[in-house]
Enquirer: 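Before anything else, here's the structure in question.
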Amino acid sequence: MSNSTTPSNSGGSTSGPVIGFVLGSKSDLPQLERAETFLTEFQVSYEVRILSAHRTPAEAHEYATTARDRGLQVICGMAGMAAHLAGVLAANTTLPVLGIPAAGGSLNGFDALLSTVQMPGGVPVATFAIGKSGALNAAIFACQVMGLSDPKMAEVVAQFRAKQTAAVLEADREQNSQ
Ligand code: RP5
């Protein structure tokens with residue numbers, strides 16, 4: 001499944017997606033919503049794939065090993081329960097891999113958090129908060145990483161921050177004008 005946006009201000013050297021989201025299951029998709037809203041609004045090109053470390057191990061391997069040559073710059077792996085996905089992706093690429101523990105299961109994401117964050121030394125996975133907030137922060141962080149070498153990506157983050165600040169101050173004004 002490809003959900004690439006129009007990369008009019010993409011930081012990538014190609015016209016394809018620069019961020020790749022890999023979800024362990026279709027059931028994880030709703031947790032990507034805030035990240036997709038952010039990326040779409042700021043026209044950052046991305047793709048979304050459903051690939052599992054244990055249900056489709058060959059395809060997950062293929063995805064990670066070919067990611068750099070396909071123009072991806074950051075991979076975000078989201079999975080729940082015994083979440084191996086981000087670690088498996090990281091093991092098969094030297095691109096930065098951001099891990100997003102999916103909420104759900106009997107432990108509501110705490111299992112996925114520990115599974116994702118507790119990578120043994122040598123193969124890092126930068127791990128974010130459980131669920132929607134983690135997915136949004138991973139998307140923003142991916143832009144920050146790309147912003148180190150691409151001023152347009154740095155500008156995306158600056159604009160998002162300014163808009164977010166304005167929204168909070170507007171809420172404060174509304175709250176205190178009643
Ligand atoms: C993980 O198992 C997925 O990432 C999902 O969070 C969880 C449950 O998957 P489903 O049984 O809903 O497909 O691999």
Side-chain angles (χ1 to χ4, degrees), residues 1-5 7 10 12 16-42 44-146 157 160:
M1 178 175 61
S2 176
N3 280 356
S4 302
T5 62
S10 159
V18 289
I19 304 175
F21 286 88
V22 185
L23 277 52
S25 169
K26 189 177 175 183
S27 67
D28 298 326
L29 262 176
Q31 298 181 57
L32 200 58
E33 189 184 324
R34 291 178 70 188
E36 292 199 89
T37 298
F38 160 70
L39 294 170
T40 301
E41 178 178 351
F42 290 95
V44 178
S45 57
Y46 68 97
E47 67 181 8
V48 181
R49 297 288 304 274
I50 312 287
L51 297 171
S52 165
H54 47 275
R55 291 170 176 160
T56 63
E59 288 79 4
H61 175 274
E62 166 82 5
Y63 183 88
T65 55
T66 60
R68 185 185 292 277
D69 287 345
R70 289 184 291 105
L72 291 175
Q73 296 187 34
V74 181
I75 296 175
C76 302
M78 175 194 279
M81 302 181 74
H84 323 295
L85 182 58
V88 165
L89 296 170
N92 288 291
T93 182
T94 52
L95 290 174
V97 173
L98 315 185
I100 307 155
S106 306
L107 303 181
N108 204 22
F110 189 55
D111 41 6
L113 171 64
L114 296 181
S115 300
T116 305
V117 77
Q118 284 285 46
M119 284 296 289
V123 181
V125 169
T127 303
F128 290 80
I130 297 168
K132 290 181 181 179
S133 293
L136 173 61
N137 280 349
I140 297 167
F141 194 82
C143 293
Q144 290 177 292
V145 170
M146 293 185 285
V157 178
F160 171 78

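Excluded from the calculations below are hydrogen atoms, water molecules and symmetry mates; all remaining heavy atoms, backbone and side chain alike, are included. Sequence positions, counted from 1, serve as the residue numbers for this chain. Everything quoted here is computed from the prediction, not taken from an experiment. In each ligand, atom 1 is the first atom listed, and ligand 1 is the first ligand listed.
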Enquirer: Note the single closest protein heavy atom to atom 3 (C) of ligand 1, along with its residue, its atom name and the distance in Å.
Expert: Asp28 OD2, 3.4 Å
Enquirer: Name the closest protein heavy atom to atom 7 (C) of ligand 1, giving the residue it belongs to and the distance to 0.1 Å.
Expert: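 So the nearest neighbour among protein heavy atoms is Met81 SD, 4.1 Å.
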Enquirer: Using every non-hydrogen atom in the two residues, find where Gly87 and Val123 come nearest and quote the distance to one decimal.
Expert: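 In terms of heavy atoms, the two residues are closest at O-CG1, 4.5 Å.
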Enquirer: In ligand 1, which numbered atoms sit nearer than 4.0 Å to a non-hydrogen atom of Gly24?
Expert: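 Atoms satisfying the 4.0 Å criterion: 3 (C), 4 (O).
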Enquirer: Just one of Val125, Leu51, Val22 clears the side chain to side chain contact (heavy atoms under 4.5 Å, CB included) bar with Leu89, so which one?
Expert: Val22
Enquirer: Looking at atom 12 (O) of ligand 1, what's its closest protein heavy atom, distance included?
Expert: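 Of every protein heavy atom, Ser27 OG, 2.7 Å lies nearest to atom 12 (O) of ligand 1.
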Enquirer: Under 3.5 Å, is there a donor-acceptor pair between the side chain of Thr65 and the main chain of Glu62?
Expert: yes
Enquirer: Specify the protein heavy atom at minimum distance from atom 13 (O) of ligand 1: its residue, its atom name, and the distance to 0.1 Å.
Expert: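 The protein heavy atom lying closest is Ser25 OG, 2.6 Å.
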Enquirer: For Ser52 and ligand 1, does the shortest N/O to N/O distance drop below 3.5 Å?
Expert: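 In fact, backbone or side chain, Ser52 has no N or O that close.
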Enquirer: Please confirm whether Gly80 comes within less than 3.5 Å of ligand 1 when only nitrogen or oxygen atoms on both sides are compared.
Expert: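 It does: an N or O of Gly80 is found under 3.5 Å from an N or O of ligand 1.
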Enquirer: Provide the closest heavy-atom pair for Tyr63 versus Glu47 in the form atom of the first, atom of the second, distance.
Expert: OH-OE2, 2.6 Å
Enquirer: If a pair satisfies ring pair (Phe, Tyr, Trp, His ring centres under 6.0 Å) and one of its residues is in residues 93-135, list it, with sequence neighbours excluded.
Expert: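 Output for this query lists Phe128-Phe141.
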Enquirer: Specify side chain, backbone, both or neither for His54, according to which of its non-hydrogen atoms lie closer than 4.0 Å to ligand 1.
Expert: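 Just the side chain.
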Enquirer: Under a 4.0 Å heavy-atom limit, does Ala79 contact ligand 1 with its side chain, its backbone, both, or neither?
Expert: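 The part of Ala79 near ligand 1 is both the backbone and the side chain.
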Enquirer: Side-chain contact, heavy-atom cut-off 4.5 Å: Ile100 with Gln31?
Expert: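 No, their side chains stay 4.5 Å or more apart.
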Enquirer: Mind checking what makes salt bridge (Lys or Arg N to Asp or Glu O under 4.0 Å) contact with Glu41, not counting sequence neighbours?
Expert: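 Here the qualifying residues are Lys163.
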Enquirer: To the nearest 0.1 Å, how far is atom 11 (O) of ligand 1 from its closest protein heavy atom, and which atom is that?
Expert: Arg55 NH2, 3.1 Å
